[in-house]
Participant: 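Quick one: this structure, given as structure tokens, is what I'll be asking you about.
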Amino acid sequence: MLLCYGERNASGRPDSQAAHRDGTIGRPMDTNYDPQKIEAKWQKFWEEQKLFDADIAPGRRKYYVLEMLPYPSGDIHMGHVRNYSIGDALARYMSMKGFNVLHPIGWDSFGLPAENAAIKHQRPPAEFTFAYIDRMRRQLKRLGVSYDWRREVTTCAPEYYRWNQWFFLKMYERGLAYRKKSRVNWCPQCETVLANEQVVDGCCWRHEDTPVVEKDLEQWFLKITDYAERLLEDMKELVRWPERVLTMQQNWIGKSKGTEVGFSIDELGLPLRVFTTRVDTIFGCTVVFLAAEHPLIGKLIAASKEPEKLRSEVERIKNSSVHARVEVNLEKDGVATGFHARNPYNGELVPIWVANFVLTEYGTGAVMAVPAHDQRDFEFCTTFNLPIRTVILPKDGEPKAKLEAAFTEFGKLVNSGPYTGLTSERAIERMTHDAEADGFGKGTIQYRIKDWGISRQRYWGTPIPMVYCDACGVVPVPASELPVLLPADIKLTGTGQSPLASVGEFVTTTCPKCGGPARRETDTMDTFVDSSWYFYRYTDPKTDSAPISSEAVNYWFPVDQYIGGIEHAILHLIYMRFFTKVMKDIGLVSFSEPVARLFTQGMVIKDGSKMSKSKGNVVDPTAMFEKYGADTVRLYMLFAAPPEKDLDWSDTGIEGASRFLNRVYRTISKYAENFGAVESLLGKLPRPAASPEYTAEERNLLRKAHQVLRHVTKDMEDRWHFNTDIALTMELVNELTEMDAAISEGRIRTEVLKETLEILVLILALFAPHIADELWEGIGHSGATLRVAWPAYDPVLAAEEELELPVQVNGKLRTRIRVAVDASEDDIRQFAVADEKVAQYIDGHQVVRVIIVPQKLINIVVK
RNA sequence: GCGGGGGUGGCGGAAUUGGUAGACGCAAGGGACUUAAAAUCCCUUUUCCCUUCCGGGAAGUGAGGGUUCGAUUCCCUCCCUCCGCACCA
């Protein structure tokens, strides 16, 4: 039925694909749409053509599309399919626009699930991991995403993780990696430590029902706090990031400006510093609170008249303190220490209490309590009958006779010695200044963010490249000796001990400094280290003299578009920014922010909740590929909702997507005869002078086609509402169906039909690339659509000639009139008033005003 | 409590700068084709009301108010819902 490439070659046109050895390329279209056959055919062709291989091409505009790399859990899920379908539509569009597109993928392949599976089945984690990677790679290839597979990065490979170790050593050199004993969050399920970012509502981020417990352990930390200010400051560059993500990061960093004030413990003559953002309220301070873990507590107990009693009381507070809490609202609790603190502003002595809501890690671990102007202090002092003194009045208003809650707003100072009468704003300034002048305090900035604890007592991660020597202490492994390899033979027990500690040949080593006997560090790194820089490695995954190659990074960076789930808003996306800043400081890169634009897609949900094994509502993508083909699954993913919103999976919805592709296939295969010799005018702007006069029917068809092309082009540039792009593509197919008679009877010339079908196929190439390539071949072209330049729409053809304008009388729609696009306002007015229906509504009334909005509507106002 | 989304037919969703509300798809109902079924094609489908088939009217985008010739869109008050943060001094 269709042309053969043989025929066309006979006419003298070159066609490299006709000789393709496979034998399926260049054959006529089948009558029926067979996605399995078509998708296999084109995936093979793409691979053989090295269609997605991207190389540095100086002078050519590049575009780096990045999607979050998957953890190899064994099977891809619908969230991946959605993420990668969005990325692929963009990558393909940018390729067709002529950009040199880098579109890589890799595996976030260290981590707990593989280790847990390994313990269960008594097989090495590497075995699971590599088997799963193979399986998921096949699944992703089945999806047909335009990845440059030569650039695949696997984070658990020594060639990759050695550079994690290298970064660690660089940070250690600069004092950014350090070890300290600290209270850590421990997940009894994971049998390891969690970063603060990984604790959600007091529970583990992976085990929502498992409360985190606390342990004191020697841990390695990365000093992200040194970068807190820059992480905030550089957000100015992130203009193309979702506001939501920036806000979440801002809250996480939690900058607050305040004053540190030196109180002193009167009985012991010890200094006691507190941090406050409201130094203007300090004359209302009636108590000082300590956290139960405050470093001075020991001394207080020792000096106490009743040390045992105080010790047990403090122990009680510790147990009820905010650390252990899982539920949201904790009763205020505390105990008086019997000691007193002297307020340096007025010399007053106030009692020192230990309170359960005071955090050790924030500020100085001690706070001045101003019950009249802080709600928490108010609640505490009310409970324990401590004095409350008002020192701030509302700027315009009387104080309440009886306080029912703290007045926490700014106001005017009273009862505040020399500062009485000042506004809060002025007082904060003056009082901080005076403290600095007198040396008992200073203005400071506090951050909520804490250093990033990266030690994990697990096996399947990057070994931390440090050595403990009895003579030299803690010694870094020299960079020349990297990687410190993860031993392959190991028995995993899951007891909570670092598994590496039981591997004698790993632990026993010599000191790099003195050559004496030494032990290796047996903790491994948090896997978020791996994902903090993997997207640099893609640009030159084989380079082995440095983590990155400057030439490659300079060409490909920044990442033009990063696409992934919102769940990484503060974890991965803040670590990644931190790493880049460190890389800048050590001279590896010249910029501060790696990602120019971020897009966070919505989740795929079913029956109202996120797909999960426990809920039993998981839809397996590979089963869908088998049933409908990858193109249908992609099309449905993009059609069912705009990409930033959650997407409801519907079994009948995907049927609709499948029906549509079948319909497109049928429609095109029906018309696509004899196209070989015909040249369309697509993309030729302006149309050549000799181009044909179109009939009304031809104009209608071309108008619709170019309007759809216009919409899709504009949408791809910014808005990404693929659902509307696909809806319009459906409208175009509907239009073709409606014009079936005109086409069959030859009233639409072949070049017009061909142009329309070309537009249809090239748009489809973004969302359903396999069928698009098949149809592209079917209508007389050769090769992949990816190599076809994205066609420019013709604004003249897309323009409407006649409009249907709604006519309103007093804002109510009464009729519609058809007018030429260029009709004058006078003409339109006359038309409208002359209309029979309109006349009914204005008869007997006075026309007050006639509003004509060009191209939009007419509104006649009557009285 | 604070911060940020969102609320449109039976369902997913359109309406991009204030200008025809419900595009497109799903589901449902009816019809054609078929021995039959599947597939496909055609028609109907916001609600209510009037009407003898033609056709016509009113209401309608969470609720109430405001601005405007005109509001899903802008402003105010409130309700619901989702997400993030949450004793951070």
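Computed from a predicted structure; not experimentally measured. Here is the naming used below: chain letters follow the sequence lines, and residue numbers restart at 1 for every chain.
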Participant: Taking only side-chain nitrogens and oxygens of A:N723, does any of them come within less than 4.0 Å of OP1 or OP2 of B:A23?
Facilitator: no
Participant: Closest nucleotide of RNA chain B for A:V861 versus for A:H721: which of these residues is on the 5' side?
Facilitator: A:H721
Participant: Identify, with sequence neighbours excluded, every residue that meets side-chain hydrogen bond (donor to acceptor under 3.5 Å, both in side chains) alongside A:Y345.
Facilitator: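 With neighbours one apart ignored, the set is empty.
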Participant: Could you tell me if A:R448 sits above the aromatic ring of A:W252, with its cationic atom closer than 6.0 Å to the ring centre and no more than 45 degrees from the axis?
Facilitator: yes
Participant: Can you list the stems that include RNA chain B, where a stem is three or more consecutive Watson-Crick or G-U pairs with distances under 3.5 Å?
Facilitator: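 Expected stems, ordered by start: B:1-7 with B:79-85, B:10-12 with B:24-26, B:28-32 with B:40-44, B:46-50 with B:55-59, B:62-66 with B:74-78.
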Participant: Taking side chain to side chain contact (heavy atoms under 4.5 Å, CB included) as the definition, give me every residue that meets it alongside A:E802, ordered by chain and number, with sequence neighbours left out.
Facilitator: A:R818
Participant: Kindly write out the residues that satisfy side-chain hydrogen bond (donor to acceptor under 3.5 Å, both in side chains) with A:R829, not counting sequence neighbours, or none if the list is empty.
Facilitator: A:D826
Participant: Holding to ring-ring contact (aromatic ring centres under 6.0 Å, His included), I want the full list of residues that pass it with A:Y362, two or more places apart in sequence or in another chain.
Facilitator: none
Participant: Looking at A:S650, I'd like to know whether one of its side-chain N or O atoms comes within less than 4.0 Å of OP1 or OP2 on B:C11.
Facilitator: no
Participant: Between residues 634-642 of chain A and RNA chain B, which residues have a heavy-atom gap below 4.0 Å?
Facilitator: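 Result for residues 634-642 of chain A: A:F639, A:A640, A:P642, sorted by number.
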Participant: Residues two or more places apart in sequence or in another chain: which of them pass ring-ring contact (aromatic ring centres under 6.0 Å, His included) with A:Y636?
Facilitator: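 Scan of A:Y636 (ring-ring contact (aromatic ring centres under 6.0 Å, His included), adjacent residues dropped) gives A:W649.
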Participant: Within the sub-3.5 Å range, which N or O atoms of nucleotides 19-21 of chain B have a protein N or O partner, and how far apart are they?
Facilitator:
{"residue": "B:U20", "atom": "O2", "partner": "A:R816", "partner atom": "NE", "Å": "2.3"}
{"residue": "B:U20", "atom": "O2", "partner": "A:R816", "partner atom": "NH2", "Å": "2.7"}

Participant: Taking only distance into account, with no hydrogens and no angle test, what donor-acceptor pairs under 3.5 Å do side-chain atoms of residues 730-738 of chain A form with protein atoms, sequence neighbours excluded?
Facilitator:
{"residue": "A:E731", "atom": "OE1", "partner": "A:K704", "partner atom": "NZ", "Å": "2.7"}
{"residue": "A:N734", "atom": "OD1", "partner": "A:R663", "partner atom": "NH1", "Å": "3.0"}
{"residue": "A:N734", "atom": "OD1", "partner": "A:R663", "partner atom": "NH2", "Å": "2.9"}
{"residue": "A:T737", "atom": "OG1", "partner": "A:R663", "partner atom": "NH2", "Å": "3.0"}
{"residue": "A:T737", "atom": "OG1", "partner": "A:V733", "partner atom": "O", "Å": "2.9"}

Participant: Return the set of residues passing ring-ring contact (aromatic ring centres under 6.0 Å, His included) with A:Y33 (not counting sequence neighbours), or none when no residue passes.
Facilitator: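 Testing A:Y33 for ring-ring contact (aromatic ring centres under 6.0 Å, His included), a comparison that skips the adjacent residues, returns A:Y665.
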Participant: For A:K812 and B:A58, what is the distance between atoms NZ and P respectively, to the nearest whole Å?
Facilitator: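 After rounding, the reported distance stands at 7 Å.
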Participant: Pick out the pairs of N or O atoms, protein on one side and nucleotides 29-33 of chain B on the other, that lie under 3.5 Å.
Facilitator:
none

Participant: Calculate the interatomic distance between A:F722 atom CZ and B:A23 atom P; express it in whole Å.
Facilitator: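 These atoms are roughly 23 Å apart.
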Participant: Taking the P atom in each of B:U45 and B:G22, what is the distance between them to the nearest angstrom?
Facilitator: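 Going atom to atom, P in each nucleotide, I get 12 Å.
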Participant: Are A:R577 and A:Q249 close enough that a side-chain donor and a side-chain acceptor fall under 3.5 Å?
Facilitator: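 A:Q249 and A:R577 do have a side-chain donor-acceptor pair below 3.5 Å.
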Participant: How would nucleotides 37-50 of chain B be written as a contact map, 5' to 3', with B for base contact, S for sugar-phosphate-only contact and - for no contact, using protein heavy atoms under 4.0 Å?
Facilitator: ---SSS--------
Participant: Apply the syn/anti split at 90° from 0 to B:G9 and say which one it is.
Facilitator: syn
Participant: Pick the nucleotide of RNA chain B nearest each of A:M730 and A:D646; which residue has the one closer to the 5' end?
Facilitator: A:D646
Participant: Kindly say if A:R244 contacts the phosphate of B:G5, meaning a side-chain N or O under 4.0 Å from OP1 or OP2.
Facilitator: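 Indeed not, no polar side-chain atom of A:R244 lies that close.
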Participant: Whole-Å distance between B:C88 C1' and A:M368 CE?
Facilitator: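 In whole Å, B:C88 C1' and A:M368 CE are 15 Å from each other.
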